[in-house]
Amino acid sequence: MAILVAGACSSGGDDEGKADPGATAPKATSAPAPTTATTQGPPPPKGVFVVGESGVDLLDAPGGETVGRIRAGVLLPYAETSGDYFRVTTPCDAKAWVARSAGEASGPYRVAIDPGHGGDEPGATGEGGLTEEELNLAIARYVVELLANRGIPAVLTRSDDYRAPLKFRIQLASDAGAEVFVSIHHNAEPDEQRTTPGTEAYFQINSEESKRLTGLVYEEVFRALSAYDVSFAADFDAGAKYRLSDDGDDYYGVIRRSFEAGIVGTLLESGFISNPAEEALLQRDDVRRAEAAAIATAIGRYFRGDKPGDVFTEPYPRTAPAGPGGGAQGCVDPS
């Protein structure tokens, strides 16, 4: 089956990154749909259920009463099966059963690609109206496709424009069997303008493998965006780095939760969507594909054991919250 297949607010919170809470997200643009790694024969005890074209009823038990519905194309992690039924978790953390005939079990996957934001959490928004929600998803789709072409099975944590809290994203990655988690974002509120990209990437403070992955992702994305002659925005400490909460743990919920799940993770802020020159650049499909190719190349280098160059930077202290998003309060499942 072909399928259209997040950082933080308060210290240590579950929020996703620098966001514009008043923005409205447009419908995500279409892109080539990557193909899942589909399970043949009996499904594994954990995996991803891909909702079919007619949607799926949520049941209170195998063959039981309908308690809700999920629309077509949504990816649902499952961790239990009973005959031809899967016990899934919805984006808003409801537990229910679905019939195998209404979709397809897929997996395992080596990589989870996380398009930041979605639904009523559009993320940062450019002056021309481009939202992170749309841009992150378009690039993430290309990354999954490129990785599949390289023989690296990858899955999206959000396949369309809907709310997917951080807890759900990490559970989907974990149940899918992912070894690597890459959360794709684009930034806002820069410190300065410069002639080189203000790319940032954050690693798990207690994981050397996360630091290595983050260095590779930063290196490749910075190189790809450097090919374009525009005025870039940046923070003073742009680069591959960490950010800590008041208690010394990872600040960003998506980084902290992926580490707790035993997954090597990184959070990428490729460029500044709030910078008009970069927003215009990122409206172009060739630039989106170039960014996706850089991410896919970095992941391939990570699995080969490559070491990044001297790309790490020491972050300056930050006290201001990064922005809202990522929690489950007010979440409505995509039906």
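No experiment lies behind these values; they were computed from the predicted model shown. Excluded from the calculations below are hydrogen atoms, water molecules and symmetry mates; all remaining heavy atoms, backbone and side chain alike, are included.
- Linking Ile, Leu, Val, Met, Phe, Trp and Tyr residues whenever their side-chain heavy atoms come within less than 4.5 Å leaves V48 and W97 in two separate clusters.
- No donor-acceptor contact under 3.5 angstrom links the side chains of H117 and N136, judged on distance only.
- Looking only at distances, no side-chain donor or acceptor of E192 sits under 3.5 Å from a matching main-chain atom of A233.
- Put simply, the side chain of I205 reaches to within 4.5 Å of the side chain of L244, judged on heavy atoms.
- Defined by atom type and a distance below 3.5 Å, a donor-acceptor pair is missing between the side-chain atoms of D237 and T313.
- Using a 4.0 Å cut-off between a side-chain N of Lys or Arg and a carboxylate O of Asp or Glu, D120 and R163 qualify as a salt bridge.
- Side-chain atoms of R71 and V51, non-hydrogen and from C-beta on, never get closer than 4.5 Å to each other.
- The aromatic ring centroids of Y78 and F49 lie 6.0 Å or more from each other.
- Remark: side-chain polar atoms of N275 are paired, donor with acceptor, to backbone N or O of S231 under 3.5 angstrom.
- Within a 6.0 Å sphere centred on CG of D310, other residues, nucleotides and ligands contribute 12 heavy atoms or fewer.
- Pairs of residues two or more places apart, or lying in two chains, never qualify as ring pair (Phe, Tyr, Trp, His ring centres under 6.0 Å) while including a residue from residues 316-335.
- Smallest separation of non-hydrogen atoms from A296 and L146: CB-CB, 3.9 Å.
- Interatomic distance, CD of E179 versus OH of Y302, reported as 7.5 Å (0.5 Å rounding).
- No side-chain heavy atom of T266 sits less than 4.5 Å from a side-chain heavy atom of K211.
- Within a 6.0 Å sphere centred on CG of D229, other residues, nucleotides and ligands contribute 12 heavy atoms or fewer.
- Salt bridge status for D306 with R301: present, with a side-chain N to carboxylate O gap under 4.0 Å.
- The pair E133-R158 meets the salt-bridge criterion, since a charged nitrogen lies less than 4.0 angstrom from a carboxylate oxygen.
- Inter-residue side-chain proximity for F181 and I170 is flagged as met; some heavy-atom pair is nearer than 4.5 Å.
- The minimum heavy-atom distance linking D175 with A79 is given by the pair OD2-CB, 4.0 Å.
- Contact detail for P334 and V74: the closest heavy-atom pair is CG-CG2, 3.8 Å.
- Side chains of S245 and D247: a donor-acceptor N/O pair is present below 3.5 angstrom, by distance only.
- Using a 4.5 Å heavy-atom cutoff, the side chains of T199 and L268 are in contact.
- The shortest side-chain heavy-atom distance between R223 and E219 falls under the 4.5 Å cut-off.
- Distance check: I184 CD1 to I113 CD1 gives 5.5 Å after rounding to the nearest 0.5 Å.
- In terms of modelled atom types and a separation under 3.5 Å, the side chain of T90 and the main chain of D333 share no donor-acceptor contact.
- Cluster annotation: V254 and I263 are assigned to the same hydrophobic cluster (Ile/Leu/Val/Met/Phe/Trp/Tyr, side-chain heavy-atom contacts under 4.5 Å, transitive).
- Donor-acceptor pairing under 3.5 Å is recorded for the side chains of K95 and T89.
- Between the side chain of R169 and the backbone N or O of P115, at least one donor-acceptor pair lies under 3.5 Å.
- For the 3.5 Å distance criterion, the side chains of R100 and Y85 fail to qualify, holding no donor opposite an acceptor.
- To the nearest 0.5 Å, the span separating CG on L225 from CG on L281 amounts to 7.0 Å.
- Residues S270 and H185 form no side-chain contact, since every pair of their non-hydrogen atoms from C-beta on lies 4.5 Å or further apart.
- A donor-acceptor contact under 3.5 angstrom links the side chains of Y202 and E200, judged on distance only.
- No donor-acceptor pair under 3.5 Å is formed between the side chain of E278 and the backbone N or O of G271.
- Not a single donor-acceptor pair under 3.5 Å links the side chain of S335 to the backbone N or O of I70.
- R243 contributes no side-chain N or O that, together with a main-chain N or O of D250, makes up a donor-acceptor pair within less than 3.5 Å.
- The minimum heavy-atom distance between L58 and A96, with the atom names listed, is CB-CB, 3.7 Å.
- For the residue pair L137 and D161, the shortest heavy atom distance occurs at CD2-N, 4.5 Å.
- Side chains of D285 and Y142: a donor-acceptor N/O pair is present below 3.5 angstrom, by distance only.
- Put simply, V332 and V67 are part of two different groups of oily side chains (I, L, V, M, F, W, Y) that touch within less than 4.5 Å, one to the next.
- In this structure, D57 contributes its side chain and R69 its backbone to no donor-acceptor pair below 3.5 Å.
- Side chains of E269 and Y218: a donor-acceptor N/O pair is absent below 3.5 angstrom, by distance only.
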(request) Test side chain to side chain donor-acceptor pair (under 3.5 Å) on Y162 and E121 and set out the steps. (result) CA-CA 9 Å; Y162 54 82; E121 296 179 347; over 6 Å; no

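- E220 and T297 share no donor-acceptor pair across their side chains, judged by distance under 3.5 Å alone.
- Of all non-hydrogen atoms in P91 and P165, the two that sit nearest each other are O-CD, 3.1 Å.
- Side-chain contact between L172 and L76 is absent, with no heavy atoms from C-beta onward closer than 4.5 Å.
- To the nearest 0.5 angstrom, T131 atom OG1 is 11.0 Å from H186 atom NE2.
- Residues satisfying the side chain to side chain contact (heavy atoms under 4.5 Å, CB included) criterion with S207, sequence neighbours excluded, are Q204, E209, S210, F259.
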